[in-house]
Enquirer: 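Before we start, here is the structure in question, set down as structure tokens.
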Amino acid sequence: MSYASLSVKDLNSLLSRSGSGSSSSPRTPGQTRPVKVIPLQHPDTSDEARPPSIPFDDIFSRWTAKIKRMSLLDWVDTLFPCFRWIRTYRWNEYFKLDLMAGVTVGIMLVPQAMSYAKLAGLPPIYGLYSSFVPIFVYAIFGSSRQLAIGPVALVSLLVSNALGDIADSSEELHIELAILLALLVGILECIMGLLRLGWLIRFISHSVISGFTSASAIVIGLSQVKYFLGYSIARSSKIVPLVESIIAGADKFQWPPFLMGSLILVILQVMKHVGKAKKELQFLRAAAPLTGIVLGTTIAKVFHPPSISLVGEIPQGLPTFSFPGSFDHAKTLLPTSALITGVAILESVGIAKALAAKNRYELDSNSELFGLGVANILGSLFSAYPATGSFSRSAVNNESEAKTGLSGLITGIIIGCSLLFLTPVFKYIPQCALAAIVISAVSGLVDYDEAIFLWRVDKRDFTLWAITSTTTLFFGIEIGVLVGVGFSLAFVIHESANPHIAVLGRLPGTTVYRNVKQYPEAYTYNGIVIVRIDSPIYFANISYIKDRLREYEVAVDKYTTRGPEVERISFVILEMSPVTHIDSSAVEALKELYQEYKAREIQLAISNPNKDVHMTIARSGMVELVGKEWYFVRVHDAVQVCLTYVQGSNSEDKKEPSFLRRFGNNGSSNSNNSSYSDIQPGNTLLKEALLSGEK
């Protein structure tokens with residue numbers, strides 16, 4: 001379907017045929033200059049011309065076309081993304097790098113996994129279980145070649161918070177529910193990946209995620225302080241009960257665990273920052289958790305301080321296959337499952353896409369989400385609690401120059417060896433050493449730099465950050481997420497319902513029209529308002545748009561104006577090129593607006609609607625209502641024609657009372673000839689040029 005036809009033939013020839021002389025000849029008084037208009041071709045709205053309307057036709061046609069193009073190799077790559085790097089693996093170049101990266105991450109993961117399991121209220125062995133099977137499964141089904149998955153602090157806190165109200169951490173039910181939670185999370189991730197629903201999380205702004213993560217990191221840190229202080233504190237995801245219990249138990253404070261924990265924490269922080277600052281010493285960052293564990297275990301083994309609690313006996317051997325025995329609490333766990341899935345999309349998929357871009361390979365976010373889901377489902381069958389991508393370990397993996405998923409397989413082998421041979425040594429690990437590892441890991445999640453940046457750049461986003469972090473700290477994780485997401489969606493809806501609308505003016509010496517607030521030198525014309533709508537038009541924002549249009553009829557007077565002096569506004573031009581969609585409610589509202597303008601003798605003109613918008617308007621009958629001659633390809637064309645009318649009205653006999661009656665009642669296609677009849681003396685040129693566009 002043709003959208004816009006070619007320009008009108010050279011006006012000089014039209015001038016010659018009309019006997020009006022050359023376009024460059026001097027104009028006599030009372031004449032206006034010739035106007036060159038690019039005619040707008042209107043779409044055919046007959047039933048025969050309409051394409052068949054099939055629901056979701058575009059979506060299914062794209063999927064069908066993609067499936068038909070896929071070969072057997074494409075299917076294998078889609079189902080098992082690991083084959084993409086297996087086929088192109090360079091053993092001489094990649095194996096050494098993958099080996100070093102896998103060993104480095106494995107050394108980092110062993111102590112972290114046990115620490116995060118304690119944070120989740122589980123025995124440390126379940127952290128190692130969650131780092132074993134999911135890693136091997138993800139290496140096969142995951143798309144990212146550098147993402148390191150396993151237990152993470154935020155998910156561990158969510159697990160602890162969700163299960164704390166159902167079962168005590170000392171009960172067997174607590175462990176069973178954590179494993180069931182991994183199964184539910186995996187199912188949700190697979191469903192969202194298969195249905196390609198990852199885009200839903202885009203409505204949650206980065207400031208909400210940053211505020212939620214920062215507040216959660218503070219709660220995590222405070223929950224681990226009990227291992228430093230030597231006494232128990234309240235189990236809560238709110239800051240007030242935690243602080244109150246810390247203060248209330250101050251008389252039970254013990255120095256030995258505090259000194260050991262503080263020493264290990266300082267060593268961890270120093271090694272982490274030195275490793276970040278100097279590339280040649282980056283191995284220190286990965287070795288920091290293991291160093292803290294070795295130091296704490298050595299002190300506990302040598303000095304046997306009675307006030308320092310140890311991890312205790314850890315079962316030896318690999319996890320065995322088992323299926324969740326009961327689904328009685330599945331309904332209760334669904335909200336937490338959805339929240340953990342959201343964290344997986346926002347953090348894991350976000351990290352994976354960033355690493356893929358940095359290492360120059362393509363990654364499909366929905367395929368990545370499906371890979372995480374399969375890893376959690378199969379992991380839950382081997383006693384794992386929910387696993388997802390870790391920012392710190394993925395960064396270490398990438399900095400160690402991991403090239404493929406083989407590095408993940410090597411990390412899994414390290415975990416397997418630890419389960420088979422090292423668990424007898426783990427019983428001497430001090431609890432305060434594990435707590436120091438957790439606190440060191442989450443200290444980087446308190447994103448105060450982001451808060452400062454948001455305050456400087458965008459106060460609205462800073463407000464979102466502050467609201468989310470405050471509600472998470474004082475009212476708990478679930479309330480914090482709900483409030484943050486609610487405000488985030490409210491801002492999105494507000495932006496959509498109150499779109500940006502600009503009054504346009506002409507830049508001097510050009511035919512370009514721009515926002516008069518952005519370009520103060522732009523000038524408007526007396527009697528003409530040019531308005532650009534910078535969003536789709538639909539039922540939620542059409543009232544706001546109509547209100548702004550009424551305001552601009554008055555406000556336009558404060559800008560620099562040119563043209564003949566007139567008493568009031570006679571034309572409103574809508575620049576619709578930024579409008580990507582218009583619905584039926586908005587079309588009906590525009591019809592009402594047109595009738596309102598008509599009653600006040602104001603002519604509506606529309607410039608440059610896109611193909612879909614133009615078709616919707618045409619099918620609604622609005623083209624015939626307004627008149628085909630009042631639709632233009634360019635704003636400049638509309639302005640020139642309107643100026644011609646304004647100039648003509650100034651030169652008319654003032655006895656004629658109605659401006660629009662001189663130029664046609666409503667500009668409809670039934671009165672095309674009369675609507676152009678009084679443009680200028682000797683007006684054959686403009687009349688022929690405009691009417692040729694309709695033909």
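Atom set for the values below is all heavy atoms of this structure, side chains included, hydrogens, waters and symmetry mates excluded.
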Enquirer: To the nearest 0.5 Å, what is the distance between OG1 (T341) and CD1 (I187)?
Expert: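 It is 10.5 Å, given to the nearest 0.5 Å.
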Enquirer: I'd like to know if R196 pairs up with D364 as an ion pair, taking the criterion as any Lys NZ or Arg NE/NH1/NH2 lying under 4.0 Å from an Asp or Glu carboxylate oxygen.
Expert: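 Salt bridge flag = yes for D364 with R196.
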Enquirer: Begin from the C-alpha positions of V110 and L290 and carry the test side-chain contact (heavy atoms from CB on, under 4.5 Å) through to its verdict.
Expert: CA-CA 8 Å; V110 170; L290 183 62; over 6 Å; no
Enquirer: Centroid-to-centroid, F382 to Y129, below 6.0 Å?
Expert: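 No, they do not, as the ring centres are separated by 6.0 Å or more.
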Enquirer: What distance do E313 atom CD and F426 atom CZ have between them, rounded to the nearest 0.5 Å?
Expert: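 CZ of F426 is found 13.0 Å from CD of E313.
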Enquirer: Any sub-3.5 Å donor-acceptor pair from S245's side-chain atoms to L242's backbone N or O?
Expert: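 Flag set: sc S245 to bb L242 pair under 3.5 Å.
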Enquirer: Show your working on side-chain contact (heavy atoms from CB on, under 4.5 Å) between I166 and L333 and close with a plain yes or no.
Expert: CA-CA 10 Å; I166 303 174; L333 297 177; 4.0 Å; yes
Enquirer: Between N376 and L183, is there a side-chain heavy-atom distance shorter than 4.5 Å?
Expert: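 Side-chain contact under 4.5 Å: no.
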Enquirer: Check whether the side chains of S407 and D98 place a donor and an acceptor atom closer than 3.5 Å, and report yes or no.
Expert: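 No.
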Enquirer: Using the six-membered ring wherever Trp is involved, compare the ring planes of F323 and F327 and label them parallel, tilted or perpendicular (cut-offs 30° and 60°).
Expert: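 Because their plane-to-plane angle lies in the 30° to 60° range, the rings of F323 and F327 count as tilted.
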Enquirer: Any non-hydrogen side-chain atom of I299 less than 4.5 Å from a side-chain atom of P430?
Expert: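 A side-chain contact under 4.5 Å is absent here.
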Enquirer: State, without any angle test, whether Y385 and S156 hold a side-chain donor-acceptor pair at a distance under 3.5 Å.
Expert: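 Looking only at side-chain atoms, S156 and Y385 do form a donor-acceptor pair, the distance falling under 3.5 Å.
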Enquirer: Quick check: closest heavy atoms across Q112 and I437, and the distance to 0.1 Å?
Expert: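 Closest approach of Q112 to I437: CG-CG2, 3.9 Å.
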Enquirer: Measure the spacing between CD1 of I414 and CG of L419 and express it to the nearest 0.5 Å.
Expert: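 It is 12.0 Å, given to the nearest 0.5 Å.
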Enquirer: In terms of the angle between their ring planes, are F228 and F258 parallel, tilted or perpendicular, with boundaries placed at 30° and 60°?
Expert: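 Rings of F228 and F258: perpendicular, over 60°.
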Enquirer: Ring centroid separation for Y89 and Y94, is it under 6.0 angstrom?
Expert: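 Yes, ring centres under 6.0 Å apart.
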Enquirer: Salt bridge check: are E399 and R285 linked by an N-O gap of less than 4.0 Å?
Expert: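 Yes, this pair counts.
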Enquirer: Considering non-hydrogen atoms only, spot the tightest contact between A387 and P134 and give its length.
Expert: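 Result for this residue pair: CB-CB, 4.4 Å.
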Enquirer: Of all the heavy-atom pairs spanning F212 and T472, show the shortest one and how long it is.
Expert: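 Heavy atoms only, the tightest pair is CD1-OG1, 3.9 Å.
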Enquirer: Do the rings of F80 and F83 sit parallel, tilted or perpendicular, given the 30° and 60° boundaries?
Expert: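 Because their plane-to-plane angle is over 60°, the rings of F80 and F83 count as perpendicular.
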Enquirer: Would you confirm whether Q146, through its side chain, and N397, through its main-chain N or O, come within 3.5 Å as a donor-acceptor pair?
Expert: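 Side chain of Q146 to backbone of N397: no pair is present.
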Enquirer: Test your reading of the model: is there a side-chain donor-acceptor pair from S440 to the backbone of A436, 3.5 Å cut-off?
Expert: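 Absent.
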Enquirer: Is D168 close to E171 at the side-chain level, that is, under 4.5 Å between some pair of heavy atoms?
Expert: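 In short, these two side chains touch, coming nearer than 4.5 Å.
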Enquirer: Say you draw a straight line from CD1 of I351 to OG of S394; how long is it, rounded to the nearest 0.5 Å?
Expert: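 These two atoms lie 5.0 Å from each other.
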Enquirer: Does the side chain of I175 reach to within under 4.5 Å of the side chain of P123, using non-hydrogen atoms?
Expert: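 The answer is yes; the side chains approach within 4.5 Å.
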Enquirer: Donor-acceptor pair, S488 side chain versus S205 backbone, under 3.5 Å?
Expert: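 Checking the backbone N and O of S205 against the side chain of S488, a donor-acceptor pair under 3.5 Å is found.
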Enquirer: So, T468 side chain and L464 main chain: donor-acceptor pair closer than 3.5 Å or not?
Expert: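 Judged by distance alone, yes, a pair lies under 3.5 Å.
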Enquirer: Which residue, S236, S216, S237, S223, forms the side chain to side chain donor-acceptor pair (under 3.5 Å) with N161?
Expert: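 Single side chain to side chain donor-acceptor pair (under 3.5 Å) partner of N161 among S236, S216, S237, S223: S237.
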Enquirer: More than 12 non-hydrogen atoms from neighbouring residues, nucleotides or ligands closer than 6.0 Å to OH on Y448, yes or no?
Expert: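 Atom OH in Y448 is not packed in, count stays at 12 or less.
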Enquirer: Would you sort out whether Y231 and F253 count as a ring pair (Phe, Tyr, Trp, His ring centres under 6.0 Å), showing the intermediate values?
Expert: CA-CA 7 Å; Y231 59 87; F253 175 77; 7.5 Å; no
Enquirer: Can you find a side-chain donor-acceptor pair between S469 and S214 that sits under 3.5 Å?
Expert: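 Looking only at side-chain atoms, S214 and S469 do not form any donor-acceptor pair under 3.5 Å.
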Enquirer: Would you say that F474 contacts K238 through its side chain, given a criterion of any heavy-atom pair below 4.5 Å between the two side chains?
Expert: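 No, their side chains stay 4.5 Å or more apart.
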Enquirer: To the nearest 0.5 Å, what is the distance between CG on L184 and NZ on K331?
Expert: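 The NZ atom of K331 is 13.5 Å from CG of L184, to the nearest 0.5 Å.
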Enquirer: Donor-acceptor pair, E368 side chain versus S143 backbone, under 3.5 Å?
Expert: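 Checked: pair present.
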Enquirer: Which heavy atom of R393 sits nearest a heavy atom of V105, and at what distance?
Expert: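 Result for this residue pair: O-CG2, 4.0 Å.
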Enquirer: Counting N and O atoms only, with roles assigned by atom type, does the side chain of S210 sit under 3.5 Å from a partner on the main chain of H206, one being a donor and the other an acceptor?
Expert: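 Side chain of S210 to backbone of H206, a donor-acceptor pair under 3.5 Å: no, none is there.
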Enquirer: Within the distance-only criterion (no hydrogens, no angle test), does the side chain of S130 pair as donor or acceptor with the backbone N or O of P151 below 3.5 angstrom?
Expert: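 Flag not set: sc S130 to bb P151 has no pair under 3.5 Å.
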Enquirer: Specify the closest pair of heavy atoms between L372 and S348, including all atoms of both residues, with the distance to one decimal.
Expert: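 Minimum heavy-atom separation between L372 and S348: CD1-CB, 3.6 Å.
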Enquirer: Tell me if a side-chain donor or acceptor on S400 pairs with a main-chain N or O of A402 at a distance below 3.5 Å.
Expert: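 Side chain of S400 to backbone of A402, a donor-acceptor pair under 3.5 Å: no, none is there.
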Enquirer: Is it true that, when you exclude N92 itself, more than 12 heavy atoms of the residues, nucleotides or ligands shown sit nearer than 6.0 Å to its CG?
Expert: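 No, not enclosed.
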Enquirer: What's the verdict on side-chain contact (heavy atoms from CB on, under 4.5 Å) for I218 and L473, showing C-alpha distance, side-chain angles and the deciding distance?
Expert: CA-CA 8 Å; I218 295 173; L473 281 174; 4.0 Å; yes
Enquirer: Does F370 have any ring-ring contact (aromatic ring centres under 6.0 Å, His included) partners at least two apart in sequence or in another chain, and if so, which?
Expert: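 Listed in chain order: nothing, the list is empty.
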Enquirer: List the atom of L363, the atom of A356, and the distance in Å for their closest heavy-atom pair.
Expert: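 Nearest heavy atoms, L363 then A356: CB-CB, 3.8 Å.
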Enquirer: Around atom CZ of R87, are there more than 12 heavy atoms from other residues, nucleotides or ligands closer than 6.0 Å?
Expert: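 Result for CZ/R87: enclosed.
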Enquirer: Compare all side-chain heavy atoms of Y116 with those of P111 and state whether any distance is below 4.5 angstrom.
Expert: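 Answer no - side chains too far apart.
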Enquirer: Less than 4.5 Å apart, any side-chain heavy atom of I140 and any of V137?
Expert: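 Not in contact.
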Enquirer: How many angstroms lie between CD1 in I239 and CZ in F475, if you round to the nearest 0.5 Å?
Expert: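 Here the rounded value is 12.5 Å.
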Enquirer: Mind running side-chain contact (heavy atoms from CB on, under 4.5 Å) on Y138 and L147 for me, showing each step along the way?
Expert: CA-CA 9 Å; Y138 180 80; L147 185 70; 3.3 Å; yes
Enquirer: Taking CD in E362 as the centre, count heavy atoms belonging to other residues, nucleotides or ligands within less than 6.0 Å. Is the count above 12?
Expert: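 Check fails, neighbour count at 12 or below.
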Enquirer: Taking the side chain as everything from C-beta on, heavy atoms only, tell me whether M271 gets closer than 4.5 Å to F283.
Expert: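 Not in contact.
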Enquirer: Using a 3.5 Å distance criterion without hydrogens, assess whether the side chain of Q431 forms a donor-acceptor pair with backbone atoms of Y227.
Expert: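 Side chain of Q431 to backbone of Y227: no pair is present.
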